Number of protein chains: 2
Amino acid sequence: MNDISFNTRDCGSCPIRHRAVCARCQPDELEQLDAIKYYRTFEAGQPVIWSGDPMEFVSSVVSGIATLSQTMEDGRTQMVGLLLPSDFIGRPGRDAAPFDVVAVTDLTLCCFRKKPFEDMMEKTPAIGTRLLQMTLDELDSAREWMLVLGRKTAREKIASLLAILARRDASLHKKPPRDGMSFELPLTREAMADYLGLTLETVSRQVSALKKTGVVELQGKRRVTIPDLQALITETGDDVDGAPIV
Amino acid sequence: MNDISFNTRDCGSCPIRHRAVCARCQPDELEQLDAIKYYRTFEAGQPVIWSGDPMEFVSSVVSGIATLSQTMEDGRTQMVGLLLPSDFIGRPGRDAAPFDVVAVTDLTLCCFRKKPFEDMMEKTPAIGTRLLQMTLDELDSAREWMLVLGRKTAREKIASLLAILARRDASLHKKPPRDGMSFELPLTREAMADYLGLTLETVSRQVSALKKTGVVELQGKRRVTIPDLQALITETGDDVDGAPIV
DNA sequence: CGCATAATTGACAATATTCAACTGCGGTGG
DNA sequence: CCACCGCAGTTGAATATTGTCAATTATGCG
């Protein structure tokens with residue numbers, strides 16, 4: 001995976017074409033972007049950028065998963081975002097990265113040097129418009145996650161995370177989520193803990209508890225089956241159709 | 001306060017002129033906005049909009065404070081934002097409000113009906129650009145707040161909130177924050193609790209604890225003095241110059 | 001001055017964390 | 001080929017922190 005063939009791929013066949021920051025661009029605009037884009041790949045576990053570092057480029061996630069997180073001096077860390085294919089990394093108009101970005105799986109980014117991208121943005125309203133839309137969505141997601149962090153119990157937090165991952169996996173395969181669906185957990189217990197503001201032991205206990213109640217089934221440590229979607233959603237504490245966070 | 005004179009005020013003398021969504025507009029663009037704007041006022045405690053309601057207008061906070069919050073079925077609520085003068089309410093391109101907005105103090109909004117505003121945005125890049133910038137800032141703030149909610153202790157949470165309010169109050173008066181500064185607490189203990197993901201009793205206890213240690217002094221329940229700013233920042237758990245959240 | 005609301009404080013309970021031991025799985029090398 | 005090593009995950013027991021329930025005290029407003 002992550003082979004060099006990405007470098008020669010033209011935007012028309014790009015898997016994130018319809019969802020990324022370039023989604024609204026016209027063919028001629030795409031051509032311009034094509035001319036200044038380049039791909040970068042990162043292996044699972046590699047850092048993409050550290051908080052405070054100068055950002056030379058902005059980028060879109062083409063494939064793989066990255067995390068956005070923050071760490072305190074004493075080592076406590078909080079994940080503040082999960083970056084999936086089509087998500088945008090970087091900030092036109094700011095030099096230093098505000099958070100750490102780390103590749104969780106092997107990762108491919110479609111990059112643009114910052115200055116040329118900013119220039120292009122000025123001339124191309126479709127980019128700014130799309131970026132605004134994506135940013136507003138991210139803001140809503142972040143705010144919804146604040147409810148999870150601030151007010152939910154450990155059990156509700158775990159259920160909320162699983163519900164999100166289930167929805168995401170379903171939308172990735174372009175099917176509605178359904179009873180009996182299963183998906184791969186992309187995160188370790190520790191990463192889950194960092195996302196949920198818990199310790200990894202508490203995560204482990206609550207996953208076991210949900211398993212014991214039959215709300216989820218596990219095949220190995222990483223594959224999850226949801227026999228009854230409604231039962232899972234009930235465990236999140238949200239009402240019937242909990243918001244599709246992130 | 002909130003008198004009708006706002007209605008005839010022209011944009012040039014507007015107190016949030018340099019920070020709001022219109023900050024980058026040219027005189028002719030301001031004139032156009034002027035033609036479609038109208039002011040609305042809300043008394044302290046009044047709802048501005050409920051989550052799920054159709055949004056007929058977008059607006060900027062001109063004066064006063066509002067909260068943005070989310071409530072679960074069983075009554076647990078989490079504040080997800082504090083809206084101060086110049087902050088923007090609403091979302092071009094979305095019909096339903098994602099969160100509850102409530103006036104905490106008497107509040108004046110500069111409103112635009114949604115459709116005309118969206119039309120104007122299409123013709124006026126300065127608005128979209130400014131809104132993108134503001135939204136990206138809000139997103140960073142929301143993510144920084146996630147660290148507070150997910151990883152900080154009750155004492156650190158209180159200190160973090162006080163530090164933010166101190167910084168804000170200072171910037172409102174265009175002075176750098178300094179030792180011995182004091183400001184008015186705009187929030188009840190319950191509102192603080194909803195912001196911090198705590199109970200009001202825990203808030204009360206931790207405020208008392210900080211008072212006992214001499215980190216803060218109280219004149220009455222609502223006026224706070226910070227004798228030693230660095231001591232407060234140390235209590236937040238952040239490093240030297242904790243990020244200027246929100 | 002009195003009432004309603006906001007805030008404080010105490011005692012106890014619930015929840016999550018900490019520290020520690022242990023299990024199971026996958027990969028490596030003898 | 002299999003034993004061993006290391007890591008991710010699980011589980012247990014004790015502890016700490018925060019929440020809950022209840023009583024009491026301020027505060028500000030009419």
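Note that the structure is predicted; figures quoted are calculated from it, not measured. In the text below, chain A, chain B and the rest are named by the order of the sequence lines, each starting its count at 1.
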Trace of the side chain to side chain contact (heavy atoms under 4.5 Å, CB included) decision for B:Arg155 with B:Thr213 = CA-CA 12 Å; B:Arg155 187 183 176 99; B:Thr213 327; 3.3 Å; yes
Can you check the [X] [atom1] to [N] [atom2] distance for me, whole Å?
X        : N      : atom1 : atom2 : answer
B:Arg155 : D:dT17 : CZ    : P     : 12 Å
B:Ile158 : D:dT17 : CD1   : C1'   : 14 Å
A:Arg222 : D:dC7  : CZ    : C1'   : 12 Å
B:Lys157 : D:dT17 : NZ    : P     : 14 Å
A:Gln219 : D:dG9  : CD    : P     : 16 Å
B:Glu201 : D:dA22 : CD    : C1'   : 10 Å

Side-chain contact, heavy-atom cut-off 4.5 Å: B:Asp100 with B:Thr71?
->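 The answer is yes; the side chains approach within 4.5 Å.
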Check whether the side chain of B:Arg205 and the base of D:dT20 form a donor-acceptor pair under 3.5 Å.
->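 Result: at least one qualifying N/O pair found.
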Using a strict 4.0 Å threshold on nitrogen-to-oxygen distance, state whether [X] and [Y] make a salt bridge.
X        : Y        : value
B:Lys152 : B:Glu235 : no
B:Asp194 : A:Arg151 : yes
A:Glu184 : A:Arg222 : no
A:Asp169 : A:Lys175 : no

So what does [X] hit on the nucleic acid, given a heavy-atom distance under 4.0 Å: a base, only sugar-phosphate, or nothing?
X        : result
B:Leu198 : sugar-phosphate
B:Arg76  : nothing
B:Thr188 : sugar-phosphate

Taking for each residue the nucleotide of DNA chain D bearing the nearest heavy atom, is the 5' side occupied by A:Arg151 or by A:Val207?
->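 Looking at DNA chain D, the more 5' nearest nucleotide goes with A:Val207.
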Closest to side chain of B:Thr202, choosing from D:dT11, D:dC21, D:dT18 =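 In terms of side-chain proximity for B:Thr202, the closest of D:dT11, D:dC21, D:dT18 is D:dT18.
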If each of A:Thr153 and A:Lys221 is mapped to the nucleotide of DNA chain C with the nearest heavy atom, which maps nearer the 5' terminus, i.e. the 5' end?
->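 Result of the comparison: A:Thr153.
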When you check the phosphate oxygens OP1 and OP2 of D:dT10, does a side-chain N or O of A:Arg189 lie under 4.0 Å from one of them?
->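 Yes, such a contact exists.
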D:dT11 phosphate, OP1 or OP2: any side-chain N/O from A:Ser208 under 4.0 angstrom?
->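 For A:Ser208, the contact criterion (side-chain N or O under 4.0 Å from OP1 or OP2 of D:dT11) is met.
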Any donor-acceptor pair under 3.5 Å from B:Asp87 side chain to B:Leu84 backbone =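 Between the backbone of B:Leu84 and the side chain of B:Asp87 there is a qualifying donor-acceptor contact (under 3.5 Å).
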Start and end of chain B contact along DNA chain C [non-hydrogen atoms, under 4.0 Å] |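 Contact boundaries, 5' end first: C:dA7 to C:dA11.
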